[in-house]
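Right, one structure below, let's go through it.
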Amino acid sequence: MSLTSEDADPSEQRAVARPAAANVQPNRVVFNRLELNRILNLYGRMVADGEWRDYAIDFLKDRAVFSVFRRASEVPIYRIEKDPRLARKQGMYSVISATGLILRRGHELERVLLVIDRKLAVV
């Protein structure tokens with residue numbers, strides 16, 4: 001007694017097909033939940049102060065980028081990048097200014113983001 005396509009349960013067929021669809025692009029670098037939470041907390045504070053207005057997140061093959069904009073039509077004023085290839089060298093996290101200058105690079109996201117947080121404290 002074999003199951004034909006008419007006898008098969010449709011939910012079982014979808015469950016078998018789902019893992020293949022979930023692995024469409026496995027070679028992407030992403031921010032994990034804790035990293036994204038820390039970045040979005042900083043973003044929320046800066047928006048509340050009127051410094052930042054928009055953001056963009058890009059998950060590329062070699063790095064993940066969180067770009068911060070003063071206005072949506074401009075170039076990003078800061079880019080927070082995660083590049084795992086640099087994890088054993090200078091550190092995988094970096095903050096890059098609009099001019100392309102690397103403001104800080106390191107192994108810990110908290111310490112790297114201090115370069116942006118400290119600018120708020122100095123008035």
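For clarity, every value in this text was computed on a predicted model and none was experimentally measured. All heavy atoms count here, side chains included; hydrogens, waters and symmetry mates do not.
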Exercise. Heavy atoms, side chains only, cut-off 4.5 Å: are Ile80 and Leu109 in contact?
Worked result: yes
Exercise. Going through the distances and angles, do Val30 and Glu35 end up as a side-chain contact (heavy atoms from CB on, under 4.5 Å)?
Worked result: CA-CA 10 Å; Val30 297; Glu35 294 165 344; over 6 Å; no
For this session: Quick one: closest heavy-atom pair of Arg104 and Leu114, and the distance?
Result: NH1-CB, 3.8 Å
Exercise. According to a 4.5 Å side-chain heavy-atom criterion applied to Ile, Leu, Val, Met, Phe, Trp and Tyr, with indirect links allowed, do Val115 and Ile96 form part of one hydrophobic cluster?
Worked result: no
Exercise. With a 4.5 Å limit on heavy-atom distance, are the side chains of Trp52 and Ile116 in contact?
Worked result: yes
For this session: Kindly indicate whether the side chain of Leu101, heavy atoms from C-beta on, has any atom under 4.5 Å from the side chain of Leu103.
Result: yes
Exercise. To the nearest 0.5 Å, how far apart are CE in Met46 and CG in Asp49?
Worked result: 7.0 Å
Exercise. In a check of side chain to side chain contact (heavy atoms under 4.5 Å, CB included) between Arg105 and each of Leu86, Asp83, Val95, which one passes?
Worked result: Leu86
Exercise. With Arg111, which residues qualify under side-chain hydrogen bond (donor to acceptor under 3.5 Å, both in side chains), at least two apart?
Worked result: none
Please table the atom pairs, donor to acceptor, closer than 3.5 Å between any side-chain atom in residues 56-69 and protein atoms at least two apart or in another chain.
| residue | atom | partner | partner atom | Å |
| --- | --- | --- | --- | --- |
| Asp62 | OD2 | Arg85 | NH2 | 3.4 |

For this session: Work out which heavy atom in Lys82 is nearest to a heavy atom in Pro84; give both atom names and the distance.
Result: O-CD, 3.7 Å
Exercise. Checking Asn32 side chain against Leu34 main chain: does a donor-acceptor pair fall under 3.5 Å?
Worked result: yes
Problem set entry | Transitive ILVMFWY side-chain link Val29 to Leu40, under 4.5 Å | no
Problem set entry | Cluster link Leu42 to Val47, ILVMFWY, side chain under 4.5 Å | yes
For this session: Evaluate the side-chain proximity of Ile39 to Leu113: yes if any heavy-atom separation is below 4.5 Å, no if none is.
Result: yes
Problem set entry | Atom pair CZ (Arg70) and CD1 (Ile77), whose distance is rounded to the nearest 0.5 Å | 4.5 Å
Exercise. Quick one: does His107's side chain have a donor or acceptor within less than 3.5 Å of a partner on Met92's backbone?
Worked result: no
